[in-house]
> 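I am attaching a structure below and will ask some questions about it afterwards.
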Amino acid sequence: MYSGLLIILLPLIVGYFIPVKRPTLLHLVNNLLSWMVYVILFIMGVSLAFLDNLSANLLMIFKYTAVFFVCILAVNLLALWLLERRKPWKTKHHQEVLPSRLHMALDSLRLCFVVVAGFLLGLTQWHWLTYASQASEAALIFLLLLVGAQLGNSSLTLRQIVLNRRGMLVASVGAIASLGGGMTAALCLGLPLKTGLAMASGYGWYSLSGIVLTDSFGPVIGSAAFFNDLARELCAIMLIPTLVRSNRSAALGLCGATSMDFTLPVLQRSGGLDMVPAAVVHGFLLSLLAPVLMAVFSS
């Protein structure tokens, strides 16, 4: 399970030590980071079409996914709102003038459309689409290489990236809040508390939670875990630009384990480069915690 952490950290470190001094190259790196969000969402949609047992027990899967997603999201937002009130996250970054509500809605719909387009293409079951998981891994490595290059050519020091108190604090609060949301959902659905805790332990790492919980609880719970964590990632991508203006802790905490990879470009673009160290530490800690907790609660 922890081999995935090496895949995440190695390109980040390599990219950090790549010198990118020319302004044109830095501009290219920033543009590529923005486009990689759409590439990864499209690949996610393709992978979704190849999920086993998708048609079986679809109503039950939808019910479990909806209840767990709402409960975990609500408890997380409440806990992170309280954290922000008690310990405000001060920053010098000023987000650019936001577009109109209609424009923001269209941006969200565009992200959804990319996922749907990938899903519809995946339904064709073309043979070459079976390599979506490998493509997703390659896209992730490239994205992290770009993030590392951006960090390495910024004013941030390696010490600031590795050690960040805000990232550790948000990760701790978010981890506990997610477990509380999982127990609440389990009580609402009449499921064992251990099942609810296992469902909440994915922290957005859908590629891991779906596999682990399918082996332990069967395809219905496993598929619900996959969709729950996938929905968390998509929700984070859509809400970050709005949340980061009033509650930076919630914007980061909502991302879960994905804050050091898939949602990192969105966090950086919306919250500024000084948000990246906290996001890396936050995602790293939850990525370490997720497989351990899932293994414990699934036993």
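Count residues from 1 along the sequence. Computation of the quantities below employed the complete heavy-atom set of this structure, encompassing side-chain atoms and omitting hydrogens, waters and symmetry-equivalent molecules.
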> Only pairs under 3.5 Å count here: list side-chain donor-acceptor contacts from residues 174-195, not counting sequence neighbours, and write none if there are none.
unit_1	atom_1	unit_2	atom_2	d
S178	OG	N76	ND2	2.8
S178	OG	G174	O	2.9
S178	OG	R232	NH1	3.3
T184	OG1	G180	O	2.9
K194	NZ	S299	O	2.8

> Which heavy-atom pair separates A251 from M275 by the least distance, and what is that distance?
CB-CE, 4.3 Å
> Measure across G271 and V244 and return the closest heavy-atom pair with its distance rounded to 0.1 Å.
CA-CG2, 3.7 Å
> Side-chain heavy atoms under 4.5 angstrom apart, residues restricted to Ile, Leu, Val, Met, Phe, Trp, Tyr: same cluster for W128 and V46?
yes
> Let me confirm one number: the CG-CG distance from L25 to L32, rounded to the nearest 0.5 Å.
10.5 Å
> Under 3.5 Å, which donor-acceptor pairs do the side chains of residues 58-75 form with other protein atoms, sequence neighbours left out?
unit_1	atom_1	unit_2	atom_2	d
T65	OG1	I61	O	2.7

> Quick check for you: to the nearest 0.5 Å, what is the distance between F217 atom CZ and M199 atom CE?
9.5 Å
> Going through the checks in order, is the side-chain contact (heavy atoms from CB on, under 4.5 Å) test met by R166 and L83?
CA-CA 11 Å; R166 174 60 64 164; L83 171 63; 4.2 Å; yes
> Would L82 end up clustered with L80 when hydrophobic side chains under 4.5 Å apart are linked, directly or stepwise?
no
> Report the C-alpha distance between L293 and Y203 in whole Å, list the side-chain angles of each, state the deciding distance to 0.1 Å, and finish with yes or no for side-chain contact (heavy atoms from CB on, under 4.5 Å).
CA-CA 10 Å; L293 292 181; Y203 299 125; 3.4 Å; yes
> Do L129 and F119 belong together in a cluster built from hydrophobic side chains that touch within less than 4.5 Å?
yes
> Would you say H282's side chain and M260's backbone share a donor-acceptor pair under 3.5 angstrom?
no
> Hey, is the main chain of G283 close enough, under 3.5 Å, to the side chain of S259 for a donor-acceptor pair?
yes
> For the CZ atom of F142 and the CG atom of L146, what is their distance to the nearest 0.5 Å?
4.0 Å
> In the structure I gave you, are the side-chain heavy atoms of P291 and W205 within less than 4.5 Å of one another anywhere?
yes
> Side-chain heavy atoms nearer than 4.5 Å, only ILVMFWY residues, links allowed to pass through others: does that put V114 and L120 together?
yes
> Please check if the side chain of S298 supplies one atom and the backbone of A295 the other of a donor-acceptor pair under 3.5 Å.
no
> Let me check something: do W81 and V173 share a hydrophobic cluster, defined by ILVMFWY side-chain heavy atoms less than 4.5 Å apart, either directly or through other members?
no
> Which value, rounded to the nearest 0.5 Å, describes the distance between S223 atom OG and L213 atom CG?
10.5 Å
> With side-chain contact (heavy atoms from CB on, under 4.5 Å) as the criterion, how do N247 and L77 come out once you've worked through the C-alpha distance, each side chain's angles and the decisive distance to 0.1 Å?
CA-CA 10 Å; N247 194 326; L77 289 177; over 6 Å; no
> Shortest non-hydrogen contact from W89 to R248?
CE3-CB, 3.5 Å
> Okay, side chain of E233, backbone of C255: is any donor-acceptor separation there less than 3.5 Å?
no
> Which pair of non-hydrogen atoms, one from S201 and one from M294, has the smallest distance, and what is that distance?
CB-CG, 3.6 Å
> Kindly give the heavy-atom pair with the smallest separation between G204 and D229, and that separation in Å.
N-OD1, 3.0 Å
> So which heavy atom on A236 is nearest to which on T263, and how close?
CB-CG2, 4.4 Å
> Are any non-hydrogen side-chain atoms of I240 and L254 less than 4.5 angstrom apart?
no
> Who passes side chain to side chain donor-acceptor pair (under 3.5 Å) against H127, sequence neighbours left out?
none
> Roughly how far apart are I43 CD1 and L121 CG, rounded to 0.5 Å?
11.5 Å
